[in-house]
There are 2 protein chains.
Amino acid sequence: MRDSELAQIRQLPLFRTMADDSFALLMRAAYDQTFPAFVQLIEQGAEPDFLHIVVEGSVELFARWQDRETTMAVVRPVSSFILAACIKDAPYLMAARTLEKTRIILLPSVDLRAVFQTDHKFAMATINELASCYRSVVRHAKDIKLRNARERLAAYILRKTRDSKSASFIIPVEKRLLASYLGVTPESLSRTMKSLQEVGAKVDGQRVIITDRKALEAVAHPSPLIDGPDCDDEAALAGAALLDDGDDDESVVARPYTY
Amino acid sequence: MRDSELAQIRQLPLFRTMADDSFALLMRAAYDQTFPAFVQLIEQGAEPDFLHIVVEGSVELFARWQDRETTMAVVRPVSSFILAACIKDAPYLMAARTLEKTRIILLPSVDLRAVFQTDHKFAMATINELASCYRSVVRHAKDIKLRNARERLAAYILRKTRDSKSASFIIPVEKRLLASYLGVTPESLSRTMKSLQEVGAKVDGQRVIITDRKALEAVAHPSPLIDGPDCDDEAALAGAALLDDGDDDESVVARPYTY
DNA sequence: CGAACCCTTGACAGAAATCAACTAAGGTGG
DNA sequence: CCACCTTAGTTGATTTCTGTCAAGGGTTCG
């Protein structure tokens with residue numbers, strides 16, 4: 001593995017505080033692999049062999065049931081995913097696939113479990129990571145249960161432009177994926193998007209332009225208790241991730257789901 | 001606080017493995033309070049002062065947005081809730097109210113944070129607890145996003161009778177609350193319940209009787225990746241909780257949400 | 001160029017919410 | 001003890017939202 005990646009991983013909140021030799025031990029058996037686009041990395045129900053860390057590219061976490069699928073999150077560099085399954089050594093609840101050519105570091109989960117048995121700092125970091133992830137899913141569940149499709153989309157748009165000066169942004173994923181994340185069909189998303197033109201959001205291809213933020217806010221009623229802290233972008237779908245440690249309600253960007 | 005409660009709490013997975021003096025320190029400043037029914041214990045957005053442990057009675061965790069409410073979980077003895085908020089020292093994402101006369105132990109969250117800085121065993125237990133809670137919410141989100149109301153209800157009924165010999169059970173909460181948990185209106189639940197008569201589930205007041213389990217399964221397609229491990233009951237809404245440690249996919253009963 | 005795929009649009013169907021009325025059970029107070 | 005009130009639950013009528021099915025436009029890529 002290249003030193004530059006190693007350094008980058010070392011700076012992740014999860015690994016930053018741990019002892020040098022713990023880190024070395026963890027990385028000793030690590031793999032560094034690059035996958036093409038649209039490769040399924042893990043299947044739900046499988047046993048967790050590795051903690052995954054996205055170094056370049058992006059990964060979709062999704063869930064399947066019968067013939068249906070829903071995307072739960074998109075993980076971007078540099079973040080880990082499926083931490084919880086690795087910790088519990090229990091079957092993955094979600095599946096994962098690359099959305100583009102993606103570079104992943106794979107840490108054997110046995111090593112992971114061994115190391116946080118001995119390295120208290122690492123255990124503390126893990127606690128923080130898990131608590132953040134937990135809160136992320138709770139917010140997602142609240143979003144889905146409390147708002148309708150229109151309100152969710154409006155809220156998403158506001159999240160994506162919250163702390164940027166700009167009144168427009170590029171949807172960072174295929175619209176069908178955004179639809180799935182928001183819990184609607186692509187057709188519904190398309191129509192809903194159109195209907196938002198009357199309340200302040202125009203769409204042009206992958207670009208969304210906010211024409212009336214106040215009006216949008218009147219629809220979405222954004223709340224930090226659903227949309228996350230002010231500083232962060234949509235953790236799950238936007239998320240350039242973060243070398244920053246902070247609390248999920250104070251950091252620059254909250255960590256995406258970890259599963 | 002009475003010794004019997006103390007012993008019971010000590011046996012919780014979260015506290016069982018920690019050092020005696022850590023436990024004593026944690027309990028030193030603990031309150032033991034009994035609340036009447038329908039008292040709001042915490043409000044969403046508030047700062048977490050105490051980790052709550054339900055000793056007797058039951059507590060609803062719910063979320064609010066605009067004029068809407070949705071119940072996220074019901075916590076029963078002996079379980080803690082709002083662990084994640086206490087750890088992160090970040091605002092509660094959910095509110096909590098008693099559903100009946102309820103006895104609660106309150107542990108100052110500053111003590112909590114202090115103790116797992118020093119007690120590695122406790123940190124490990126916290127990691128396990130959080131990972132379980134995380135997986136619970138993921139399952140809830142999957143349930144909501146992947147199944148429709150009818151399928152969710154059928155799955156709920158199957159969960160409630162999964163490992164019992166009996167073909168019937170008593171709905172442990174008001175139906176309106178169950179409706180909210182399942183993400184539908186009370187009217188919808190009532191109608192959906194009725195519609196399930198044709199596929200194997202009769203309802204008589206608070207009692208649900210399964211007349212054709214196979215037919216119900218054909219609707220619900222129960223899966224451990226949504227409905228939880230075989231051994232457990234619906235963690236959130238059923239949950240007599242558990243002095244058992246186990247992994248959420250192996251224990252007798254998974255721990256409810258912790259927030 | 002054609003095939004495949006994403007997105008959009010339209011027409012329609014189905015699911016669930018809303019509004020309203022009614023029943024039944026439990027509690028209160030005369 | 002009974003009239004009265006409140007509230008949970010049910011049922012019916014209707015609207016609203018969202019999904020489904022089908023078709024067409026636009027892109028990309030081999």
Side-chain angles (χ1 to χ4, degrees), chain A residues 36-38 60 65-71 74 97 99-101 143-156 170-199 201-208 219-220, chain B residues 36-38 60 65-71 74 97 99-101 143-156 170-199 201-208 219-220:
Chain A
F38 306 112
E60 176 191 8
W65 179 75
Q66 295 293 106
D67 59 345
R68 298 173 209 166
E69 259 188 39
T70 188
T71 119
V74 171
R97 68 165 80 94
L99 292 175
E100 56 193 305
K101 189 176 170 204
D143 193 33
I144 296 285
K145 291 186 82 177
L146 288 168
R147 301 207 260 228
N148 65 25
R150 191 177 149 97
E151 291 157 349
R152 289 199 294 277
L153 177 57
Y156 172 78
I170 304 284
I171 301 172
V173 292
E174 287 187 331
K175 285 183 186 167
R176 61 207 326 257
L177 196 154
L178 175 58
S180 176
Y181 176 72
L182 294 176
V184 296
T185 58
E187 295 96 320
S188 274
L189 178 66
S190 186
R191 275 183 256 272
T192 305
M193 197 77 101
K194 210 174 166 188
S195 86
L196 282 185
Q197 285 196 4
E198 297 145 28
V199 281
K202 235 178 59 192
V203 58
D204 174 32
Q206 290 292 106
R207 178 170 292 279
V208 176
V219 173
Chain B
F38 307 112
E60 176 192 7
W65 179 75
Q66 295 293 107
D67 58 346
R68 297 173 209 166
E69 260 188 38
T70 187
T71 118
V74 171
R97 68 165 79 96
L99 292 174
E100 57 193 303
K101 189 176 170 206
D143 193 34
I144 297 285
K145 290 186 82 177
L146 289 168
R147 300 207 260 229
N148 65 25
R150 189 178 150 97
E151 292 157 349
R152 289 199 293 277
L153 178 57
Y156 172 78
I170 303 285
I171 300 172
V173 292
E174 287 186 332
K175 284 182 188 169
R176 59 208 326 255
L177 195 153
L178 174 59
S180 176
Y181 176 72
L182 294 176
V184 297
T185 59
E187 296 97 318
S188 274
L189 178 66
S190 185
R191 275 184 256 271
T192 306
M193 197 76 100
K194 210 174 165 189
S195 87
L196 282 185
Q197 285 196 4
E198 297 144 27
V199 280
K202 235 178 59 193
V203 57
D204 175 31
Q206 290 292 106
R207 178 169 291 280
V208 176
V219 173

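Labels below follow one simple rule: chain letters A, B, ... track the order of the sequence lines, proteins then strands, and each chain is numbered from 1.
Closest of all the heavy-atom pairs between Lys145(B) and Thr71(A) is NZ-O, 3.0 Å. Of all the heavy atoms in Ala154(B) and Val219(B), the pair that sits closest is CB-CG1, 3.9 Å. Annotation for Val208(A) and Ala201(A): closest pair CG1-CB, 4.4 Å, computed over non-hydrogen atoms.
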Write down the protein N/O and nucleotide N/O pairs, taken from nucleotides 16-20 of chain D, whose separation is under 3.5 Å; answer none if there are no such pairs.
from: dT18(D); atom 1: OP1; to: Ala149(A); atom 2: N; distance (Å): 2.9
from: dG19(D); atom 1: OP2; to: Thr185(A); atom 2: N; distance (Å): 3.3
from: dG19(D); atom 1: OP2; to: Thr185(A); atom 2: OG1; distance (Å): 3.4
from: dG19(D); atom 1: OP2; to: Ser188(A); atom 2: OG; distance (Å): 2.6
from: dT20(D); atom 1: O4; to: Arg191(A); atom 2: NH2; distance (Å): 3.0

Please list, for nucleotides 25-28 of chain D, all pairs of protein and nucleotide N/O atoms separated by less than 3.5 Å.
none

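Straight-line distance from the CZ atom of Arg176(B) to the C1' atom of dT7(D): 8 Å, rounded to whole Å.
Once rounded to the nearest 0.5 Å, the distance linking CD of Glu60(B) with CZ of Phe38(B) reads 9.0 Å. Summarising the geometry, atom NZ belonging to Lys194(B) is positioned 14.5 Å from atom NZ belonging to Lys202(B); distances are rounded to the nearest 0.5 Å. With rounding to the nearest 0.5 Å, the separation of CE in Met193(A) from OH in Tyr156(A) is 8.5 Å.
In this structure, the side chains of Gln66(B) and Leu146(A) stay at 4.5 Å or more apart for every pair of heavy atoms. Between Val203(A) and Lys175(A) the shortest side-chain heavy-atom distance falls below 4.5 Å.
Arg68(A) and Glu151(B) are joined by a salt bridge, as a carboxylate oxygen and a charged side-chain nitrogen come within less than 4.0 angstrom of each other.
Judged as a salt bridge (Lys or Arg N to Asp or Glu O under 4.0 Å), and not counting sequence neighbours, Arg150(A) has no contacts. Among residues two or more places apart in sequence or in another chain, the salt bridge (Lys or Arg N to Asp or Glu O under 4.0 Å) test is passed with Glu69(A) by Arg64(A), Arg97(A).
Proximity of a side-chain donor or acceptor of Thr192(A) to a complementary backbone N or O of Ser188(A) within less than 3.5 Å is detected.
The rotation axes computed at either terminus of the helix from dC1(C)-dG30(D) to dG30(C)-dC1(D) lie 30° apart, taking five pairs at each end and rounding to 10 degrees.
On the nucleic acid side, DNA chain C has its first and last nucleotide under 4.0 Å of a heavy atom of chain B at dA16(C) to dC19(C), going 5' to 3'.
With Leu177(B) as the partner, the side chain to side chain contact (heavy atoms under 4.5 Å, CB included) test is satisfied by one option alone out of Ile171(B), Leu99(B), Leu182(B): Leu99(B).
The phosphate of dT10(D) (OP1 or OP2) has a side-chain N or O of Lys175(B) nearer than 4.0 angstrom.
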